[in-house]
Amino acid sequence: MRAAFIEQLGPPQNIRFGEVPSPVPGPTDVLVDVIAVSANPVDTFVRSGVFRTPVEFPFVVGRDLVGTVAAAGPGAPGFAVGDRVWCNSLGHGGRQGAAAEQAVVAADRLYHLPEGVDEDEAVATVHPAATAYLGLFTHGALRAGETVLVAGAAGNVGSALVVLAAAAGARVVATARAEDAEYCRALGAAEVLDYRDPELPARLAAACPGGVDLHLDTSGSNDLAAAVELLAPRGRIVLLAGARSAPVLPAGRLYMKDGSVRGFVISHATTAELAEAAAAINRALPTGKLRPRALTRLPLSATADVHRALENGELNGRRVVLRPDL
């Protein structure tokens with residue numbers, strides 16, 4: 001089969017597109033004919049070696065896919081040939097990736113795609129949406145009625161954070177560019193503030209008079225001094241980006257508020273946590289709100305170019321979907 005793969009860790013130019021052996025499913029696996037895959041920053045971390053994880057060469061890159069079931073093992077109940085399915089946890093932990101004409105997926109990492117949902121829009125959504133769900137609920141313990149601050153709300157993860165938090169009954173205060181304010185309000189944000197405003201700290205304090213119960217910054221800047229100052233009693237800060245950030249933590253102020261700081265990496269999520277996120281994503285996808293803002297479709301052979309664009313910051317919020325049939 002054709003795939004985008006590497007034979008050693010390194011820069012985007014290490015990605016080749018060509019023939020590799022077809023995958024062979026085990027008894028608890030599902031063989032999937034791939035319709036579409038997406039490209040995520042985390043894919044570049046694995047390919048480059050920034051995120052260390054077991055890989056077997058030749059290594060097919062890519063984490064997310066949407067496809068149809070080609071065959072299901074006897075230990076993979078609930079899947080039948082022709083079912084539309086998705087996965088967002090291939091390409092790390094010893095698993096081969098998604099950027100191929102076919103992929104093997106363990107049954108406990110594969111989910112049905114709701115009827116009527118576009119395959120390309122879904123595959124572009126499931127990874128940032130799962131990150132958002134885990135940040136809000138698994139690690140952030142969000143409850144209805146709480147105030148959530150989403151910094152960088154117009155981005156891929158940020159927009160999913162807004163949609164899921166608002167749907168859960170939280171009051172969402174968002175920061176974004178002024179030109180993105182209407183978009184963030186349409187997603188469910190109650191307040192949208194310009195992150196470039198020099199008066200932002202004062203405006204945030206005014207918008208959150210009772211403090212922030214849950215603080216999430218998708219930019220990875222992780223200004224903990226400002227975040228702790230905004231926290232409500234027993235507020236939580238969840239770190240979900242900024243692997244190289246090294247902020248100063250005002251520990252005394254944090255503990256006097258009974259506050260907490262917690263980080264998470266989606267690659268460490270358990271199959272049970274991913275399945276819980278998938279169920280929430282499948283409930284939200286048919287509503288049409290959980291979708292990419294801008295989408296580009298390219299052939300699977302363009303994988304190296306897309307990785308290069310991701311690393312150079314050239315996509316500007318656009319999601320790229322790679323298709324074997326183009």
Side-chain angles (χ1 to χ4, degrees), residues 114 117-118 120-122 124-137 140-223 226-227 229-232 235-238 240-241 277 280-296 313 315-319:
V117 174
D118 179 81
D120 292 348
E121 291 191 350
T125 301
V126 293
H127 188 79
T131 302
Y133 181 90
L134 293 169
L136 289 168
F137 303 104
L142 179 64
R143 296 181 291 274
E146 291 191 317
T147 295
V148 179
L149 174 60
V150 177
N156 296 314
V157 174
S159 59
L161 285 165
V162 174
V163 169
L164 294 176
R171 176 175 177 266
V172 180
V173 176
T175 67
R177 298 182 303 174
E179 52 266 41
D180 291 324
E182 199 54 45
Y183 171 66
C184 294
R185 289 191 189 95
L187 296 174
E191 302 266 358
V192 185
L193 303 174
D194 188 343
Y195 71 81
R196 298 169 296 190
D197 186 342
E199 301 299 320
L200 180 61
R203 297 191 191 283
L204 283 171
C208 309
V212 171
D213 298 295
L214 181 58
H215 184 292
L216 305 109
D217 178 3
T218 67
S219 74
S221 60
N222 297 326
D223 183 348
E229 190 60 34
L230 283 169
L231 278 190
R236 291 90 62 200
I237 300 168
V238 174
L240 44 70
I281 291 167
N282 275 350
R283 290 192 296 270
L285 281 173
T287 70
K289 278 197 169 183
L290 203 57
R291 63 190 299 183
R293 187 177 185 183
L295 184 66
T296 298
L315 297 185
N316 299 317
R318 280 186 303 122
R319 296 289 285 159

Participant: Looking at every heavy atom in both Ala176 and Val192, which two are closest together, and how far apart are they?
Facilitator: CB-CG1, 4.5 Å
Participant: State, to 0.1 Å, how close Leu200 and Asp194 come at their nearest heavy-atom pair, and which atoms those are.
Facilitator: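 Looking at all heavy atoms of both residues, the shortest contact is CD1-O, 3.7 Å.
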Participant: More than 12 heavy atoms of other residues, nucleotides or ligands under 6.0 Å from CZ of Arg291: is that the case?
Facilitator: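 Atom CZ in Arg291 is not crowded, with 12 or fewer foreign heavy atoms closer than 6.0 Å.
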Participant: Considering the options Val150, Leu230, Leu149, which one meets the side chain to side chain contact (heavy atoms under 4.5 Å, CB included) requirement together with Val173?
Facilitator: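 Output: one option passes, namely Leu149.
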Participant: Please check: side-chain N/O of Asp223 versus main-chain N/O of Ala226, any donor-acceptor pairing under 3.5 Å?
Facilitator: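 Here the side-chain-to-backbone pair exists.
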Participant: Provide the closest heavy-atom pair for Pro292 versus Thr125 in the form atom of the first, atom of the second, distance.
Facilitator: CD-OG1, 3.2 Å
Participant: Taking the side chain as everything from C-beta on, heavy atoms only, tell me whether Leu204 gets closer than 4.5 Å to Thr175.
Facilitator: yes
Participant: Could you tell me whether a side-chain N or O of Glu146 sits under 3.5 Å from a main-chain N or O of Arg143, the two making a donor and an acceptor?
Facilitator: yes
Participant: Can you check whether Arg185 reaches Asp180 side chain to side chain, under 4.5 Å on heavy atoms?
Facilitator: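 No. Closest side-chain heavy atoms not under 4.5 Å.
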Participant: Would you compute the distance between atom SG of Cys184 and atom CD of Glu191 and round it to the nearest 0.5 angstrom?
Facilitator: 12.5 Å
Participant: Grab the two heavy atoms, one from Asp213 and one from Ala232, that are nearest each other, plus how far apart they are.
Facilitator: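 Taking Asp213 first and Ala232 second, the nearest heavy atoms are OD1-CB, 3.7 Å.
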Participant: Report yes if some heavy atom in the side chain of Leu216 is under 4.5 Å from a heavy atom in the side chain of Leu240; otherwise report no.
Facilitator: yes
Participant: Between side-chain atoms of residues 151-168 and protein atoms elsewhere (two or more places apart, or another chain), which donor-acceptor pairs fall under 3.5 Å?
Facilitator:
| from | atom 1 | to | atom 2 | distance (Å) |
| --- | --- | --- | --- | --- |
| Ser159 | OG | Gly155 | O | 2.8 |
| Ser159 | OG | Asn156 | O | 3.1 |

Participant: Is the closest side-chain heavy-atom distance between Arg177 and Arg196 below 4.5 Å?
Facilitator: yes
Participant: Could you work out, with side chain to side chain contact (heavy atoms under 4.5 Å, CB included) as the rule, every residue matching Pro201, not counting sequence neighbours?
Facilitator: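 By the side chain to side chain contact (heavy atoms under 4.5 Å, CB included) rule, Pro201 matches no residue at all.
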Participant: Using only atom types and a distance under 3.5 Å, with no angle test, would you say the side chain of Asn222 pairs donor to acceptor with the backbone of Ala241?
Facilitator: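 Yes, the answer is positive, given that a donor and an acceptor are paired below the 3.5 Å cut-off.
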Participant: So do Arg203 and Asp197 actually touch side chain to side chain, heavy atoms under 4.5 Å?
Facilitator: yes
Participant: Would you name the heavy atoms of His215 and Ala227 that are closest together and state the gap between them?
Facilitator: NE2-CB, 3.6 Å
Participant: Quick one: CZ on Arg236 to CG on Leu136, what's the gap to the nearest 0.5 Å?
Facilitator: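 The CZ atom of Arg236 sits 10.0 Å away from the CG atom of Leu136.
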Participant: Does the side chain of Arg318 pick up a donor-acceptor pair with the side chain of Thr296 at under 3.5 Å?
Facilitator: yes
Participant: Quick one: do Arg171 and Val148 satisfy side-chain contact (heavy atoms from CB on, under 4.5 Å)? Show the steps, please.
Facilitator: CA-CA 6 Å; Arg171 176 175 177 266; Val148 179; over 6 Å; no
Participant: If I take atom OH from residue Tyr133 and atom CG from residue Leu290, how far apart are they, to the nearest 0.5 angstrom?
Facilitator: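 Between atom OH of Tyr133 and atom CG of Leu290 there are 13.0 Å.
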